[in-house]
Amino acid sequence: MFKSIFNQKNNQNIKAENYSGILRVIGDRAAGKTTYLAALARCSNADIYSKVESVTPGNQDGKYLIKQAKNLIEKGLQIEPTRLANDVLEIRDYSLRIVLKNSDKLNLSNTVFNLDISCKDYSGEFFSDILQEKDSQLLQDYLNDCFPATGIMLMIDGTTHRKDLEYSQGVDKLLVALAGDNILGQKRRIALVLTKCELADLWVNRHRPKFLTEARFPTILKRLESWQDLGMGNVEYFTTSAFGVTGKKYFKPNSQQIYRGRGGVASVLEDVKRWRPFGLVSPIYWICTGKKLMDN
Ligand SMILES: Nc1nc2c(ncn2[C@@H]2O[C@H](COP(=O)(O)OP(=O)(O)O)[C@@H](O)[C@H]2O)c(=O)[nH]1
Ligand SMILES: [Mg+2]
């Protein structure tokens, strides 16, 4: 609906810019990877000032994400853990088209950005178990599967700072394994995404993702920065929340906690009517274009 109005009004001057990206989402169990993807697929819920015009699934797996959002998140339930596949070919490959509105408030240039992404969401074991093992065939298969990716989203539950050292070892292994350019001959982009940033201790610094990462995950940040300094690829930092906050002046996390421990936070969406995730598109936009998108 909104789309057609937008198109009619600006029909003459619309320029479309198309980008595409092959993404892999990596992170520990319960980092929030699948919930993030499902929230993204249901992005029509993003707030009215959002730059996102629409997100449409490009295949069955993309549709499955929308179903997960409708049947689980919106009913106040958790998404089921993603199981480790015995064969990399079994991993779901979500294909989505994200359409962004013109970001120029003065409407001088009417550009529509189309981001076509294909995105694989590995199970948490890939990160926590397999990356610790040596010479496993499955690990090798997974890494080979990562190789064509233009970008990797490394998702970390922002509350798991006690695991900084542990995670940095996994990150190390990954960086070593992925040395070299991707299939397009480009340097790979790694987006480090801190999840669950509607929670009070993360929320206050949501606009300073690098600062927040440095404060909470100094070892990981150091590893990534030296990888970048060596000219191996590019890294950028992001904060996100699949649930968001409610309230205009006094913000309140729109999540209800089920569990909190060293391994992170488990929660469900509290108020479905006021579901406003944030920071969903920024990392993807950066991976696809190399440019940063301000708040979405
Ligand atoms: N508070 C909060 N919890 C979240 C958020 N995203 C995911 N979760 C919760 O984190 C837990 C693990 O999420 P899941 O998507 O299954 O993680 P995955 O294993 O990385 O795919 C579940 O309890 C989710 O509901 C978020 O933005 N905020
Ligand atoms: Mg999952």
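Position 1 is the first residue of the sequence; numbering continues from there. First listed ligand is number 1; within each ligand, the first listed atom is number 1. Since the model is a prediction, treat every value here as computed from it, not as a measurement.
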**Study point:** Region of D28 engaging ligand 1 - heavy atom pairs below 4.0 Å
**Key:** backbone
Exercise for review: Within a distance under 4.0 Å of any heavy atom of T35, pick out the atoms of ligand 1 and give their elements.
Suggested key: 6 (N), 7 (C), 13 (O), 14 (P), 15 (O), 24 (C)
Exercise for review: For the residue pair Y19 and E17, confirm or rule out a side-chain donor-acceptor distance under 3.5 Å.
Suggested key: yes
Practice item. Tell me which protein heavy atom sits closest to atom 16 (O) of ligand 1, plus the residue, atom name and distance to 0.1 Å. Key: I79 O, 3.9 Å
Exercise for review: Please report which non-hydrogen protein atom sits nearest to atom 1 (N) of ligand 1, along with the residue it belongs to and the distance in Å to one decimal place.
Suggested key: E198 OE2, 2.6 Å
Point to revise | Any G27 heavy atom less than 4.0 Å to ligand 1 | key: no
Review point. Looking at atom 23 (O) of ligand 1, what's its closest protein heavy atom, distance included?
Key: Q78 OE1, 2.4 Å
Check your understanding: If we only count heavy atoms from C-beta on, is the C119 to V25 side-chain gap below 4.5 Å?
Key -> yes
Review point. Counting both backbone and side chain atoms, is some N or O of G32 under 3.5 Å from an N or O of ligand 1?
Key: yes
Practice item. Answer yes or no for V265: is there a heavy-atom contact with ligand 1 below 4.0 Å? Key: yes
**Study point:** D164 side chain to T219 side chain, donor-acceptor N/O pair below 3.5 angstrom
**Key:** yes
Point to revise | Closest approach of any protein heavy atom to atom 20 (O) of ligand 1, naming residue and atom | key: K33 NZ, 2.7 Å
Check your understanding: Would a hydrophobic clustering, with Ile, Leu, Val, Met, Phe, Trp and Tyr connected at side-chain separations under 4.5 Å, put L192 with L230?
Key -> yes
Point to revise | Within-cut-off N or O pair, A30 and ligand 1, under 3.5 Å | key: yes
Check your understanding: Between F243 and W275, is the gap from one ring center to the other below 6.0 Å?
Key -> no
Check your understanding: Hey, does K196 come in under 3.5 Å of ligand 1, counting only N/O atoms on both sides?
Key -> yes
Exercise for review: Check the surroundings of atom CZ in R162: do more than 12 heavy atoms from other residues, nucleotides or ligands lie under 6.0 Å from it?
Suggested key: no
Check your understanding: Which bit of S241 gets closer than 4.0 Å to ligand 1, counting heavy atoms only: side chain, backbone, both or neither?
Key -> both
Review point. Should E166 and R262 count as an ion pair when the cut-off is N to O under 4.0 Å?
Key: yes
Practice item. Measure from atom 27 (O) of ligand 1 to every heavy atom in G76, A31, A242 and give the option owning the shortest one. Key: A242
Study note, to complete from the structure: Minimal heavy-atom distance between Y285 and K291, with the atoms involved, is CD2-O, 3.3 Å
Point to revise | Under 4.0 Å to a heavy atom of T34 - the qualifying atoms of ligand 1, by number | key: 15 (O), 21 (O)
Practice item. Kindly report the OG1-the Mg ion (ligand 2)-OG1 angle for T34 and T82 respectively, rounded to 10°. Key: 90°
Check your understanding: Hey, is Q257 touching ligand 1 through its side chain, its backbone, both or neither, going by heavy atoms under 4.0 Å?
Key -> neither
Practice item. Assess whether ring-ring contact (aromatic ring centres under 6.0 Å, His included) is satisfied between Y122 and F127, documenting all intermediate values. Key: CA-CA 8 Å; Y122 294 143; F127 195 76; over 10 Å; no
Check your understanding: Thinking salt bridges, do R260 and D201 make one under a 4.0 Å N-O criterion?
Key -> yes
Review point. Of all the atoms in ligand 1, which lie at a distance below 4.0 Å from a heavy atom belonging to S255?
Key: 1 (N)
Exercise for review: Decide, yes or no, whether a salt bridge links E236 with R189 under the criterion of side-chain N to carboxylate O below 4.0 Å.
Suggested key: no
**Study point:** From the candidates P277, A266, S267, the one that places a heavy atom nearest atom 24 (C) of ligand 1
**Key:** S267
